[in-house]
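Read through the structure below, which is laid out as structure tokens, and then see the notes.
Letters A, B, ... are given to chains in the order of the sequence lines, protein chains preceding strands, and every chain is numbered from 1.
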2 protein chains.
Amino acid sequence: MGRGRPRGFDREVALDDAMRLFWTRGYQDTSIADLTDVLGIGSPSLYAAFGSKASLFCAAADRYQDGDGGRPGVAMAEAPTARGGVEALLRENVTLFTRRGGPRGCLLTRATLSCPPTDSTVLAYLDRSRRDRLTVLRTRLRTAAADGEPLPSDDVDTLAQFYDAQVQGLAVRALEGASRAALLRTVDLTMAGWDALAAH
Amino acid sequence: MGRGRPRGFDREVALDDAMRLFWTRGYQDTSIADLTDVLGIGSPSLYAAFGSKASLFCAAADRYQDGDGGRPGVAMAEAPTARGGVEALLRENVTLFTRRGGPRGCLLTRATLSCPPTDSTVLAYLDRSRRDRLTVLRTRLRTAAADGEPLPSDDVDTLAQFYDAQVQGLAVRALEGASRAALLRTVDLTMAGWDALAAH
DNA sequence: TGGTTAATGTAGTGATCGACACAGAAAGGA
DNA sequence: TCCTTTCTGTGTCGATCACTACATTAACCA
């Protein structure tokens, strides 16, 4: 092992920086020059390590989903009830989308709306991520239904899409500048709707 | 009047075409070359008529909001009740976002997430549009509250933000490829929430 | 008909895009 | 020490970006 000149930068630190940049500026508006500036490396090093802008984005987005961006999903999956899980999902996302000094909104939602339709690599990645996200949510709701927990609707599929859309709405509003407090008030409203409907 | 060579194209038809293009591809990924191709004119004609890409976008977005894009808002404002108004707003938006052969999602939402943070002209336009949209919604809800119509919450401001976020969520999901039927099912869920909460 | 005004088509501005050729530098193995 | 291997810095590729200079064309008015 270890043949040849060693890499002059830390791959994971670079991925973190790239993630922050994609999160802040979206996919298309983040240029290779921006990335090499922030990472402090030359473009040949970047291409040697990550292959292309598209695959760098995918690696950075993986890191997002395995780190901060994945916490809301984990919180939901681990909650004892589906109601608590959905509430945790929404509240954790609000926290994530409005962190002080951090990029606002969701890296994936932002990329979905700012990726050129020609970049099939990134589009396919985003589509798969979206499907996985929906599957986790649907699975949690299905388990709850099997456990006899009262849900706002019998249509678990629609429920999953509904709450996923809530998250996307929060992400867009966060990017528009909505305050954390304002977002949390609408989460309260969403959960009040759950309670009113689940009470049957 | 009528001095000089007459314009060789119809300004409003051109705006319609530009609107469709911005709606389909977002702001940044729509290039001047794309526009001159579709409009069938040279770039000097485009600049003579509209000034810049940013001001062309604003003019096209105005046309969007005065035409198809404005219908949901009009339907809401004209409905006899706030409940019917909000339902009309959501359903008309679903129709708008999933028209056969038309661009998916919302031109404004798409632009909000695909506009480079340096383009202050477009960002300011989008911010004003968002504020106007929220004002119309809040006004309708306030009127209903004054009329004694039962609402899902006393906090009209939060209500307006909540239902505006529903619209943004629908727009993102439509762009992701969600079917009209699936979107309408989540609208049903939203309105079921209204009824369950407004019943008090 | 000649002059004024404005829109057009051709062509090209400098800047920036993603990506890479090439040679030098830094490590391990012989 | 010399060779192989891998990474790094300089410089640049063709393509595309938003935008425009320039000469021409087509309408008006006198």
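Applying the salt bridge (charged side-chain N to carboxylate O under 4.0 Å, His left out) definition to pairs two or more places apart or across chains, none involves residues 47-60 of chain B. Residues in residues 152-165 of chain B take part in these salt bridge (charged side-chain N to carboxylate O under 4.0 Å, His left out) pairs, two or more places apart or across chains: B:Arg133-B:Asp164, B:Arg138-B:Asp157.
Nearer to the 5' terminus of DNA chain D, by closest-nucleotide assignment, is the contact made by B:Asp29 (compared with the other of B:Asp29 and B:Arg5).
Separating the CD1 atom of A:Ile32 from the P atom of D:dT12 is a distance of 20 Å, rounded to the nearest angstrom. A straight line from CG of A:Asp10 to P of D:dT8 spans 12 Å, rounded to a whole angstrom. Atom-to-atom, CZ of B:Arg7 to P of D:dT25 comes out at 21 Å; the value is rounded to the nearest Å. Whole-Å rounding puts the A:Leu35 CG to C:dT16 P distance at 16 Å. Taking atom CZ of residue A:Arg11 and atom C1' of nucleotide D:dC7, one finds them 14 Å apart after rounding to whole Å.
Across all strands, A:Thr30 comes closer than 4.0 Å only to sugar-phosphate atoms, never to a base (heavy-atom distances).
Not counting sequence neighbours, the partners of A:Arg131 by the salt bridge (charged side-chain N to carboxylate O under 4.0 Å, His left out) test are A:Asp127. Every residue two or more places apart in sequence or in another chain was checked for a salt bridge (charged side-chain N to carboxylate O under 4.0 Å, His left out) with A:Asp10, and none qualifies. Residues meeting the side-chain contact (heavy atoms from CB on, under 4.5 Å) test with A:Thr186, sequence neighbours left out: A:Leu170, A:Arg173, B:Thr158, B:Gln161, B:Phe162. With sequence neighbours excluded, no residue satisfies salt bridge (charged side-chain N to carboxylate O under 4.0 Å, His left out) with A:Arg20. Here A:Asp132 pairs with nothing under the salt bridge (charged side-chain N to carboxylate O under 4.0 Å, His left out) rule; sequence neighbours left out.
Residues of residues 108-118 of chain B that place a heavy atom closer than 4.0 Å to DNA chain C do not occur. Heavy-atom distances under 4.0 Å link DNA chain C to B:Gly42, B:Ser43, B:Pro44, B:Ser45 of residues 41-61 of chain B, given in residue order.
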Between side-chain atoms of residues 100-113 of chain A and protein atoms elsewhere (two or more places apart, or another chain), which donor-acceptor pairs fall under 3.5 Å?
unit_1   : atom_1 : unit_2   : atom_2 : d
A:Arg104 : NE     : A:Ala174 : O      : 2.8
A:Arg104 : NH2    : A:Ala178 : O      : 2.6
A:Thr109 : OG1    : A:Gln168 : OE1    : 2.7
A:Arg110 : NE     : B:Leu113 : O      : 3.3
A:Arg110 : NH1    : A:Thr24  : O      : 2.9
A:Thr112 : OG1    : A:Leu108 : O      : 2.8

N/O donor-acceptor pairs under 3.5 Å from side chains in residues 74-82 of chain B, not counting sequence neighbours:
unit_1  : atom_1 : unit_2  : atom_2 : d
B:Thr81 : OG1    : B:Gly84 : N      : 3.0

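In DNA chain D, consecutive stretches of 3 or more Watson-Crick or G-U wobble pairs with both distances under 3.5 Å are given as paired ranges: C:1-30 with D:1-30.
In terms of modelled atom types and a separation under 3.5 Å, the side chain of B:Asn93 and the main chain of B:Leu89 share a donor-acceptor contact.
Geometrically, B:Arg7 engages B:Phe9 in a cation-pi contact defined by less than 6.0 Å to the ring centre and at most 45° from the axis.
Listed nucleotides: D:dA18, C:dA26, D:dA27. Nearest to the side chain of B:Pro6: D:dA27.
For D:dC17, one of the phosphate oxygens OP1 or OP2 lies less than 4.0 angstrom from a side-chain nitrogen or oxygen of B:Ser31.
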